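These notes are about the structure you will find just below.
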There are 2 protein chains.
Amino acid sequence: MSISKKLLNNYGLRNTAFRKKLLQLFQNSDSSLTVEYIKDKIGRNNDKVTIYRALNTFEKSGLIHQVPDRNNLSRYALCNVECNPSNHIHHHAHFICDYCDNTLCIEEIDFPKIKKIKGFKFKKIELIIQGSCPKCL
Amino acid sequence: MSISKKLLNNYGLRNTAFRKKLLQLFQNSDSSLTVEYIKDKIGRNNDKVTIYRALNTFEKSGLIHQVPDRNNLSRYALCNVECNPSNHIHHHAHFICDYCDNTLCIEEIDFPKIKKIKGFKFKKIELIIQGSCPKCL
DNA sequence: TAATTAACGCAACTAAGCTGCAAATATAAA
DNA sequence: TTTATATTTGCAGCTTAGTTGCGTTAATTA
Ligand SMILES: [Zn+2]
Ligand SMILES: [Zn+2]
Ligand SMILES: [Zn+2]
Ligand SMILES: [Zn+2]
């Protein structure tokens, strides 16, 4: 399913000019985006509240997913096209660069199998790696 | 080396009444603590700034380490006694409970070996698991 | 085109965490 | 023990990411 089709279908999202611009920002980037970056790129015509709400909506729809950020800010990356509101689980690692503060989704890593522990129920496993990214190495 | 001795030795930390109380809170708990919890337990005589600064100092000394929190709040847990200012790396997973919002250090999990990827340098690997803890299962 | 409903923009708010400074307390020196 | 020095604490006020409410605007539907 194409991303614009998902935008239309899921939750009856309306295809507004702002949302198209926002989606393009993600598609034109090879990494995740912070609100600050989006604010800068999208121009100050659009309010930060609009950005926060759109990100929220996009996340619920399975268009984007939140990724960890070195400074604990809201940060999002595109999902693969298989995600949707009810199935929205990723099996890739996230890499945080200590130097450029970027976060990257890394599909190349074999996601570790974690064996159960008595007394716990595991629902989601996240692997976060810190270090230096190709640009900063 | 005992924990209170570490408090004295490392970084020349002064053994104040507040710090002893704070350290005891950690020692008397089997999980990690938030600032909110500390505020409640320690009484309102002590200012939140004092708490934040003490936590910061404790972390630098290798007494405690920050753990992930479900709501992105500051949350800390005791280190094992081997930690110190210059060697402060943990090889255990962190478990976040979706129901009681607690975070637990889990030593029982075999920490996965992640193989290198060309272009990256990995310095630290974190494993974060979500689900329900024994109390909430 | 008109009616309906969702999205947007603005202003004001919330709350975690930080900074600066003066007063209090712990340690070291005399 | 007293004095001097350095660190910690408490207070007040600040910063800023993210949220809430509400009236206006724009997209979809009939
Ligand atoms: Zn980098
Ligand atoms: Zn990702
Ligand atoms: Zn629980
Ligand atoms: Zn831990």
Side-chain angles (χ1 to χ4, degrees), chain A residues 4-26 32-61 63-76 85 96 101 103, chain B residues 4-25 32-61 63-76 85 101 103:
Chain A
S4 51
K5 194 133 187 231
K6 277 169 75 173
L7 180 62
L8 290 168
N9 287 4
N10 300 353
Y11 279 114
L13 298 189
R14 291 188 178 178
N15 218 339
T16 70
F18 169 74
R19 284 178 176 173
K20 271 183 227 159
K21 262 200 294 179
L22 180 59
L23 206 44
Q24 276 164 16
L25 273 191
F26 278 103
S32 57
L33 307 182
T34 59
V35 174
E36 202 51 36
Y37 176 89
I38 295 169
K39 269 193 217 158
D40 278 356
K41 289 290 173 182
I42 224 159
R44 302 284 160 172
N45 302 338
N46 294 104
D47 197 71
K48 61 173 178 166
V49 179
T50 307
I51 298 173
Y52 280 111
R53 288 201 263 233
L55 289 171
N56 232 327
T57 309
F58 279 14
E59 197 196 14
K60 279 197 202 124
S61 317
L63 282 168
I64 61 177
H65 63 288
Q66 196 155 21
V67 301
D69 178 86
R70 204 169 129 74
N71 307 113
N72 263 336
L73 304 180
S74 287
R75 189 184 265 274
Y76 293 90
I96 299 177
D101 281 8
T103 303
Chain B
S4 50
K5 193 122 186 247
K6 276 170 78 175
L7 177 62
L8 291 167
N9 289 4
N10 298 355
Y11 273 113
L13 296 189
R14 293 190 176 181
N15 217 341
T16 70
F18 169 75
R19 284 178 179 174
K20 270 183 229 160
K21 264 199 294 178
L22 180 59
L23 206 44
Q24 276 165 17
L25 274 190
S32 56
L33 308 182
T34 58
V35 173
E36 202 52 36
Y37 176 90
I38 295 169
K39 269 193 218 159
D40 278 356
K41 288 290 173 180
I42 223 158
R44 302 283 160 172
N45 301 340
N46 294 106
D47 196 73
K48 61 174 177 164
V49 179
T50 306
I51 298 172
Y52 281 113
R53 286 200 266 232
L55 289 171
N56 233 323
T57 309
F58 280 13
E59 198 197 14
K60 279 196 203 130
S61 316
L63 283 167
I64 60 177
H65 63 286
Q66 196 155 19
V67 301
D69 178 86
R70 205 169 129 74
N71 307 113
N72 262 336
L73 304 180
S74 287
R75 190 182 265 275
Y76 293 90
D101 281 6
T103 303

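Letters go in sequence order (proteins before strands), and every chain restarts at 1. This is a predicted model, so every value here is computed, not measured.
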Nearest-0.5 Å distance, CD1 of residue A:Ile51 to CD1 of residue A:Ile42: 5.5 Å
Please answer whether the main-chain N or O of A:Thr103 pairs with a side-chain N or O of A:Ser32 as donor and acceptor at a distance below 3.5 Å. yes
Using only atom types and a distance under 3.5 Å, with no angle test, would you say the side chain of A:Asn71 pairs donor to acceptor with the backbone of A:Leu73? no
Angle between the two end axes of the helix from C:dT1-D:dA30 to C:dA30-D:dT1, five base pairs per end, rounded to 10 degrees? 30°
Atom CG of B:Asn46 and atom P of C:dT25: how far apart are they, to the nearest Å? 12 Å
Rounded to whole Å, please give me the gap between CZ in A:Arg19 and C1' in C:dC8. 10 Å
Given the rule in the side chain to side chain contact (heavy atoms under 4.5 Å, CB included) test, do B:Phe18 and B:Asn45 qualify, once you have shown the distances and angles that lead to the verdict? CA-CA 10 Å; B:Phe18 169 75; B:Asn45 301 340; over 6 Å; no
Spell out protein contact along nucleotides 13-23 of chain C as letters: B when the base is contacted, S when just the sugar-phosphate is, - when no protein heavy atom is under 4.0 Å; keep the 5' to 3' order. ---SBBBB---
Compare all side-chain heavy atoms of [X] with those of [Y] and state whether any distance is below 4.5 angstrom.
X	Y	value
A:Leu63	A:Phe26	no
A:Leu7	A:Phe58	yes
B:Leu33	B:Tyr76	no
A:Lys60	A:Pro85	no

Give a yes or no on whether A:Lys41 atom NZ has more than 12 heavy-atom contacts from other residues, nucleotides or ligands under 6.0 Å away. no
Could you walk me through whether B:Leu13 and B:Leu8 satisfy the side chain to side chain contact (heavy atoms under 4.5 Å, CB included) test, starting with their C-alpha distance in whole Å, then the side-chain angles of each, then the deciding distance to 0.1 Å, before giving a yes or no? CA-CA 5 Å; B:Leu13 296 189; B:Leu8 291 167; over 6 Å; no
Start with the C-alpha gap between B:Ser74 and B:Gln66, add the side-chain angles, then the distance that decides, and say whether side chain to side chain contact (heavy atoms under 4.5 Å, CB included) holds. CA-CA 7 Å; B:Ser74 287; B:Gln66 196 155 19; 3.8 Å; yes
Might you list the N or O atoms of the protein lying below 3.5 Å from N or O atoms in nucleotides 27-30 of chain C, with each pair's distance?
unit_1	atom_1	unit_2	atom_2	d
C:dT27	OP1	B:Asn15	N	3.3

Can you give me the first and the last nucleotide of DNA chain D (5' to 3') that has an atom within less than 4.0 angstrom of a non-hydrogen atom in chain A? D:dA17 to D:dT28
Applying salt bridge (charged side-chain N to carboxylate O under 4.0 Å, His left out) as the test, list every pair that has at least one member in residues 63-73 of chain B; sequence neighbours left out. B:Asp69-B:Arg75, B:Arg70-B:Asp98, B:Arg70-B:Asp101
Does any pair with a residue in residues 12-23 of chain B pass side-chain hydrogen bond (donor to acceptor under 3.5 Å, both in side chains), and if so which ones, sequence neighbours excluded? B:Lys21-B:Asn46
